[in-house]
Amino acid sequence: MTEKIMALGFFDGVHRGHAALLRRAAALAAARGLRSAAMSFTTHPSALLHGESLPLLSGVAERRQLMQSVGGVDETLFLPFDRRMQSLPWERFLEELTEQQQVRGYVAGYDYRFGRFGEGDGEKLRRWCRERGLLAEVVPAVELDGVVVSSTHIRALLERDELEEALRFLGHPYLLCTAGGSSPLRWGEGRLALRPGAYLAHVTLPGGEVRGGVRVEVTPRGVVLPFATPEGELTLAITGRAHKE
């Protein structure tokens, strides 16, 4: 296995702050001739820790695509957040990840917590890595107009139907990776669906064909395209609301 620099986070939505973190990991890796990677979980920790599921800005497929296309990392790693992960001491978490993935350095956000009870933080990460001759960087918050870019803020914007502002904080279209061949297209389990209405989107069909400026209808049952799609995975990148005709 190739040695790598690993970015740590859940990366819901892969917004501007996440992108800065991921690009930093990619730059550090490239400067050292290493691979860059990002680690996330398949499910949000809140589902197990608090018994409630947050409405997610992205599922695994969307996060994987955005971590690579927006963040520029070479590899993505998704681990299950289960009872074992929940109870794992923060030192053991780093030990296992470092050994199993041949990690030579970590990049994390200013508010990243890890390990049992969230006891691990940026300062502990830096100290642990320093004692083992590994690289560690903690990336500060990214702000837009004096507001910290966060998944929580973007969720709130979408829940208030402020799509344009949410897209500005994301820094890219609102993504949906789903299966073609049927209608309507389904939002993934736990996803934050947009409010019903007409939107504009770029559609990447199975096989790679891209159709831009497509008017799509979001309904309570899913997303309806104006044309039939072949079976296979397609990507819908929603860029804004459609103007009334």
Original post:
Does NZ or CZ of Arg63 lie under 6.0 Å from the centre of the six-membered ring of Phe41, at an angle within 45° of the ring axis?
Top reply: no
Original post:
Parallel, tilted or perpendicular: which describes the rings of Phe93 and Phe114, with under 30° parallel and over 60° perpendicular?
Top reply: tilted
Original post:
Which heavy-atom pair separates Phe227 from Val214 by the least distance, and what is that distance?
Top reply: CE2-CG1, 3.8 Å
Original post:
Sequence neighbours excluded, which residues qualify as side chain to side chain contact (heavy atoms under 4.5 Å, CB included) partners of Arg92?
Top reply: Leu88, Pro89, Glu95, Glu96
**OP:** Begin from the C-alpha positions of Tyr112 and Tyr110 and carry the test ring-ring contact (aromatic ring centres under 6.0 Å, His included) through to its verdict.
**Re:** CA-CA 6 Å; Tyr112 185 67; Tyr110 69 101; over 10 Å; no
Subject >> Apart from Leu34 itself, residues in the same hydrophobic cluster as defined by side-chain heavy atoms under 4.5 Å >> reply: Ile5, Phe11, Val14, Leu21, Leu22, Leu28, Val60, Leu66, Met67, Val70, Val73, Phe78, Val107, Leu135, Val139, Leu175
**OP:** Any side-chain hydrogen bond (donor to acceptor under 3.5 Å, both in side chains) involving residues 132-154? Give me the pairs, sequence neighbours left out, ordered by first then second residue.
**Re:** Arg24-Glu137, Asp145-Arg168
**OP:** List in chain and number order the residues that pass side chain to side chain donor-acceptor pair (under 3.5 Å) with Glu209, two or more places apart in sequence or in another chain; answer none if no residue qualifies.
**Re:** Arg211
**OP:** State the CG-OG1 distance between Leu185 and Thr229, to the nearest 0.5 angstrom.
**Re:** 5.5 Å
Subject >> Closest non-hydrogen atom pair between Ser87 and Arg116, with its separation >> reply: O-CD, 3.6 Å
**OP:** Specify the closest pair of heavy atoms between Ala198 and Glu217, including all atoms of both residues, with the distance to one decimal.
**Re:** CB-OE2, 3.4 Å
Subject >> Distance, nearest 0.5 Å, that separates CG of Asp161 from CG of Leu163 >> reply: 7.5 Å
Original post:
Picking from His18, His44, Arg155, what satisfies side-chain hydrogen bond (donor to acceptor under 3.5 Å, both in side chains) with Asp12?
Top reply: Arg155
Original post:
Quick check: does any side chain N or O of Lys4 sit under 3.5 Å from a backbone N or O of Gln101, one acting as donor and the other as acceptor?
Top reply: yes
**OP:** Quick one: closest heavy-atom pair of Arg113 and Gly118, and the distance?
**Re:** CD-O, 3.5 Å
Subject >> CA sep, side-chain torsions, deciding dist, call: Glu75, Arg35, salt bridge (charged side-chain N to carboxylate O under 4.0 Å, His left out) >> reply: CA-CA 8 Å; Glu75 305 172 16; Arg35 298 277 289 176; 3.1 Å; yes
Original post:
What's the shortest heavy-atom distance between Leu157 and Phe169, and which atoms?
Top reply: CD1-CD1, 4.1 Å
**OP:** Considering only NZ, NE, NH1 and NH2 on the basic side and carboxylate oxygens on the acidic side, decide whether Asp121 and Arg126 come within less than 4.0 Å.
**Re:** no
Subject >> Taking every non-hydrogen atom, the tightest pair across Ala25 and Ala7 >> reply: CB-CB, 4.0 Å
Original post:
With respect to Leu170, which candidate in Ile154, Val149, Leu158 satisfies the side chain to side chain contact (heavy atoms under 4.5 Å, CB included) definition?
Top reply: Ile154
Original post:
Which other residues end up in the same hydrophobic cluster as Val224, if Ile, Leu, Val, Met, Phe, Trp and Tyr are linked when side-chain heavy atoms come under 4.5 Å apart?
Top reply: none
Original post:
Taking the side chain from Thr239 and the backbone from Leu200, do they hold a donor-acceptor pair closer than 3.5 Å?
Top reply: yes
Subject >> Glu189, CD atom: more than 12 neighbouring heavy atoms under 6.0 Å >> reply: no
Subject >> Residue pairs passing the side-chain hydrogen bond (donor to acceptor under 3.5 Å, both in side chains) test where at least one lies in residues 173-185, sequence neighbours excluded >> reply: Tyr174-Arg191
**OP:** With rounding to the nearest 0.5 Å, note down the distance linking OG in Ser58 to NE2 in His15.
**Re:** 9.5 Å
**OP:** Show your working on side-chain hydrogen bond (donor to acceptor under 3.5 Å, both in side chains) between Thr98 and Tyr106 and close with a plain yes or no.
**Re:** CA-CA 9 Å; Thr98 302; Tyr106 290 99; 2.6 Å; yes
